[in-house]
4 protein chains.
Amino acid sequence: MNTRKEKTQQRILHAAASAFWLQSYQAVNVNQVCDLAKVNKATLYQHFGSKEALAVAAITQHFERQKTEVYEAALSAAPNPIDRLSGIYQRIYQQHLSRYDQGESCAGCPFVNISSEMASSSSVIRDAVDAVFTHFRTYYRLIARDAKVIGYANRELDGDVAAPALVTIMNGALVSAKAENRPDAILESLDTAKLILRG
Amino acid sequence: MNTRKEKTQQRILHAAASAFWLQSYQAVNVNQVCDLAKVNKATLYQHFGSKEALAVAAITQHFERQKTEVYEAALSAAPNPIDRLSGIYQRIYQQHLSRYDQGESCAGCPFVNISSEMASSSSVIRDAVDAVFTHFRTYYRLIARDAKVIGYANRELDGDVAAPALVTIMNGALVSAKAENRPDAILESLDTAKLILRG
Amino acid sequence: MNTRKEKTQQRILHAAASAFWLQSYQAVNVNQVCDLAKVNKATLYQHFGSKEALAVAAITQHFERQKTEVYEAALSAAPNPIDRLSGIYQRIYQQHLSRYDQGESCAGCPFVNISSEMASSSSVIRDAVDAVFTHFRTYYRLIARDAKVIGYANRELDGDVAAPALVTIMNGALVSAKAENRPDAILESLDTAKLILRG
Amino acid sequence: MNTRKEKTQQRILHAAASAFWLQSYQAVNVNQVCDLAKVNKATLYQHFGSKEALAVAAITQHFERQKTEVYEAALSAAPNPIDRLSGIYQRIYQQHLSRYDQGESCAGCPFVNISSEMASSSSVIRDAVDAVFTHFRTYYRLIARDAKVIGYANRELDGDVAAPALVTIMNGALVSAKAENRPDAILESLDTAKLILRG
DNA sequence: AATGAATGAGAGTTCATTCAT
DNA sequence: GATGAATGAACTCTCATTCAT
C-alpha cells in the first residue's frame with residue numbers, strides 16, 4: 001500500500017495531527033497543514049473534503065500510532081500488569097518530555113484537547129474521540145484482569161469499572177500536565193492509577 | 001458595588017462565560033458575546049481590552065461562582081469529609097444534568113476546556129486556569145485532612161498528594177462526560193475519588 | 001485672558017498640534033489628544049466640536065507660535081535681510097534637530113504635512129494651511145524688499161515672485177528632510193533660498 | 001509577462017496608486033481599492049500581504065510610470081537641458097491640469113503626499129519614497145551637466161548640489177499647488193528651477 | 001460644567017473553500 | 001490530475017462622536 005496517493009495522504013495526516021496537537025483545531029488553518037505537508041490546498045481538499053473530515057482522519061491516524069507506540073509497546077515490553085501500566089505512563093511521559101525539552105510547551109493529550117475544544121460543535125469529532133477512548137479501555141481491561149490473576153488487584157475489582165477509571169485518570173493527568181505546563185504531572189498520577197488497579 | 005459600570009461588566013462576563021463554556025473560546029466570537037450581553041462591541045473592548053483578557057476575566061468570574069456554588073456550598077452542607085466530597089460531585093453533576101436535560105450537549109469543565117484549547121497558544125489563559133486548579137486543591141486538602149481525622153483515610157495519606165489527585169480525577173471525569181456526552185460519567189468517578197481519599 | 005476655559009483650550013491645542021505634527025492627522029486619535037491634554041473627551045468636543053475643527057484651531061495656534069518663535073524672532077535678531085533669511089532657516093533647523101537628537105524622526109513642516117494629507121479631503125483644512133503660507137510670504141516679501149535696498153538682490157527682483165518661491169523652497173526643504181529623515185537637508189536649501197533672493 | 005497573476009496585480013496597483021493619490025493613504029480603505037480593481041479583498045491580501053506593502057508597491061509602480069511618462073519622455077523630446085527641464089515641468093503640470101479640469105482638486109505629488117503623511121509612522125514607506133527622490137535626482141544631474149556643457153550654467157555649478165535642489169523645488173511647487181488648489185503654481189516654479197540650474 | 005460610559009459604523013486582516021487552467 | 005488564483009463571509013479591534021449623570 002505504498003501508492004503515491006497514500007503517501008500524500010499520510011503526509012497530510014501526519015502534518016495535521018502534529019499541528020492540531022501543538023496548537024488546537026481552530027488555531028491551525030488549512031494553509032499551515034498544506035505548508036507542513038508540502039501539498040497544494042486543492043489536493044488536500046480532494047483527499048479529505050473538509051477540515052472537519054481531515055481532523056477525524058487525523059484523530060484516527062494518531063490513534064493508530066499511539067496504539068502501536070504506547071499501548072502495544074508497553075504490553076510487549078513486560079508481562080506484569082503493573083509494569084505494563086507503568087510502561088504506558090512512561091511512554092506518554094517521554095513523548096511529552098522530549099518535546100518539552102525542545103522548548104515547546106506541554107501539549108497534553110491530543111484526543112482530550114480536540115474533544116474539549118470541539119465536542120460541543122462537532123459531533124463527528126466527538127464520536128471519533130469517544131471511539132479512541134473506548135478502545136484504550138480494552139488495554140486497561142486486560143491489565144485489570146491480569147492484576148487480579150497475579151493477586152495485585154482486589155478480588156472484587158470489576159474490570160469494566162476500573163478500565164474507564166484508568167482512562168479517566170490518564171486524561172486528567174494530561175489535563176494537569178498541560179494546565180501546569182509540567183510533564184512531571186503525568187508520572188505523578190501513576191500512583192493513583194495503581195490505586196485504581198488495586199481496587 | 002452596583003454601579004452601572006459593574007453591572008455592565010457582570011453582564012459581559014456572564015455572557016462570555018456561558019458562551020465559552022457552551023462552545024469554545026475560538027468558536028465564540030465577540031459579536032455573540034455582545035449580543036448575549038446586550039452591549040455594544042466598543043463597550044466590551046473598553047472594559048476588557050481584548051478577547052483574551054475577557055476570557056481571563058470570565059475564567060476568574062466563573063471560578064468565583066464555582067467556589068461559592070459548588071465547593072463552599074458542599075462544605076457548608078455537611079461536616080463529614082466523604083459527604084463533602086460527594087456533595088461536590090453531586091453539585092457538578094446537577095449543573096451538567098440540568099443543561100443536558102434541556103437538550104444541550106454535555107459541556108464538561110469550562111476550565112479544562114479552555115485550558116485544553118488555549119494553553120499552548122495563550123500562557124495568560126493557561127496561568128489563569130492553573131490558578132483555579134491550585135485553589136480547588138485547597139478544598140480537597142481540607143477534606144483529606146478531615147478524612148484522616150475521622151479515620152476514613154489511611155494514616156500515611158499525604159494531603160499534598162491526594163489533593164492534586166482529586167483535582168485530576170474530577171477533571172478526567174469531566175473530560176469523559178464531554179467525550180461521551182453523558183453526565184453520568186461524572187458520578188461514576190466518585191468511587192475513584194473516594195479511593196484516592198482513602199489512600 | 002487666563003480664564004480656566006482658555007487654559008484648557010490651550011492645553012488641548014498644544015497637545016493636538018504636537019500629536020498631529022509627530023504623526024499625522026489621521027494617525028492621531030481623539031483619545032490620544034485627550035490623554036496628552038489631560039481632558040475628558042466630552043470636554044474636548046464641547047470646546048471644538050469636531051476633530052476637523054480641532055485641527056484647524058491647532059493649525060492656527062501652531063502658526064501663531066511659528067510666527068513668533070521663528071519669523072519675528074529672526075527679524076528681530078538681525079537687520080540684514082540675508083541674516084534674517086539665514087535666521088529663519090537656523091531656527092527651523094534647530095526645532096527639528098532638537099527633536100531628532102531625542103530619537104524622534106524628522107517630522108517636517110506641520111503645515112505641509114497636514115495639507116499633503118488632508119487638502120483633498122477637507123477644504124477647510126486646506127484653506128487654513130493656505131492662509132498660513134500666505135502670511136509667511138509677507139515676511140519673505142519684506143526680506144526681498146530689503147535685499148534690493150542693500151543691493152544684494154537684482155534690480156528686477158519682484159518681491160511678489162520671490163516671496164512665494166521662498167515659501168516653496170522652504171516647504172520643499174522640509175519635505176526632503178522628512179523623506180530622508182535628515183534635518184541637515186533643511187540647511188542645505190539655504191543656498192537655494194539665497195539664489196532666489198538674489199534674483 | 002501577461003499572466004493572469006500579473007494582470008491582477010497591475011489592476012490592484014493601478015487602483016491603489018490612483019486612490020492614494022486622490023485622497024491619502026489613510027483616507028483610502030482596502031475595500032475601496034478592491035472595488036476599483038474589481039478583485040476580492042482576500043485576493044489583494046494574497047498578492048500584497050498588507051496595506052503598507054501595497055502602498056510600497058504602488059509607490060514603486062507609480063514611480064516607474066513617472067520615470068517613463070515624465071522624465072524619460074522629457075529627455076527624449078529635446079536635447080537642450082533647459083528645454084528638458086521645461087519639459088518635465090510641462091508634463092507634470094499637464095497631469096495636474098487634466099484632472100483639475102475634470103473637477104477634481106489639485107492632488108499634488110503622490111510621493112510627497114504619502115511621505116508627508118506616513119514617513120513618521122512607516123519607515124518602509126519613507127524609504128520607498130526616499131528611493132524615488134534619489135532616482136529623480138539622476139535626471140537633474142544629467143541636465144545640470146549638460147547645462148554646463150552648453151554654457152548656460154555657471155562653471156562652478158556642482159551637479160550634486162543642484163540636483164537635490166531641483167528635486168526640492170519641484171516638491172515645494174507641488175506642495176503649493178495642492179495647498180492653493182491651483183495647478184499653475186507648478187509652472188510658476190520653473191523660473192526658480194532655471195535659477196538653480198544657472199547656479 | 002464636566003465626565004464616565006456607551007455606541008454604530010467601519011477599519012484591516014484571515015478563514016475554509018472552490019474555481020479555472 | 002494537480003495547482004495557482006480567486007472568493008464571500010467572518011474575524012478582532014478601533015474610530016469619532018454622543019448620551020446620561
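The shown structure was predicted, so the numbers you read here are calculated from the model rather than taken from an experiment. Below, all heavy atoms of this structure are taken into account, side chains as well, without hydrogens, waters or symmetry copies. In what follows, every chain begins at residue 1, and chains take the letters A, B, ... in the order their sequences are listed.
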K.L.:
Which string of ( ) [ ] | and . matches DNA chain F, if you list each base 5' to 3' and count Watson-Crick or G-U pairs only when both distances are under 3.5 Å?
P.N.:
.||||||||||||||||||||
K.L.:
Quick check: are there more than 12 heavy atoms from other residues, nucleotides or ligands sitting under 6.0 Å from NE2 of A:His14?
P.N.:
no
K.L.:
At a heavy-atom distance below 4.0 Å, which nucleotide of DNA chain E is the first touched by chain A, and which is the last?
P.N.:
E:dC15 to E:dC19
K.L.:
Would you check if the distance from the ring center of D:Phe111 to the ring center of D:His62 is below 6.0 Å?
P.N.:
yes
K.L.:
Check every strand shown and say whether A:Val33 touches a base, only sugar-phosphate, or nothing at a heavy-atom separation below 4.0 Å.
P.N.:
nothing
K.L.:
Nearest heavy atom decides the nucleotide; on that basis, is B:Leu44 or C:Ala42 closer to the 5' end of DNA chain E?
P.N.:
C:Ala42
K.L.:
Is it true that C:Glu117 and D:Ser116 share a donor-acceptor pair across their side chains at a distance under 3.5 Å?
P.N.:
no
K.L.:
Which is more 5' along DNA chain E, the nucleotide nearest A:Val30 or the one nearest B:Val39? Just name the residue.
P.N.:
B:Val39
K.L.:
Do D:Lys51 and D:Tyr45 form a cation-pi contact, if we require the NZ or CZ to be under 6.0 Å from the six-membered ring centre and within 45 degrees of the ring's axis?
P.N.:
no
K.L.:
Atom CD of B:Gln46 and atom P of F:dT14: how far apart are they, to the nearest Å?
P.N.:
12 Å
K.L.:
Looking only at side-chain N and O atoms, does D:Asn40 come under 4.0 Å of OP1 or OP2 in F:dG8?
P.N.:
yes
K.L.:
May I have the distance from A:Gln9 (atom CD) to F:dA2 (atom P), rounded to whole angstrom?
P.N.:
11 Å
K.L.:
Could you say whether B:Tyr45 or C:Gln26 is positioned toward the 5' end of DNA chain F, judged by the nucleotide with the nearest heavy atom to each?
P.N.:
B:Tyr45
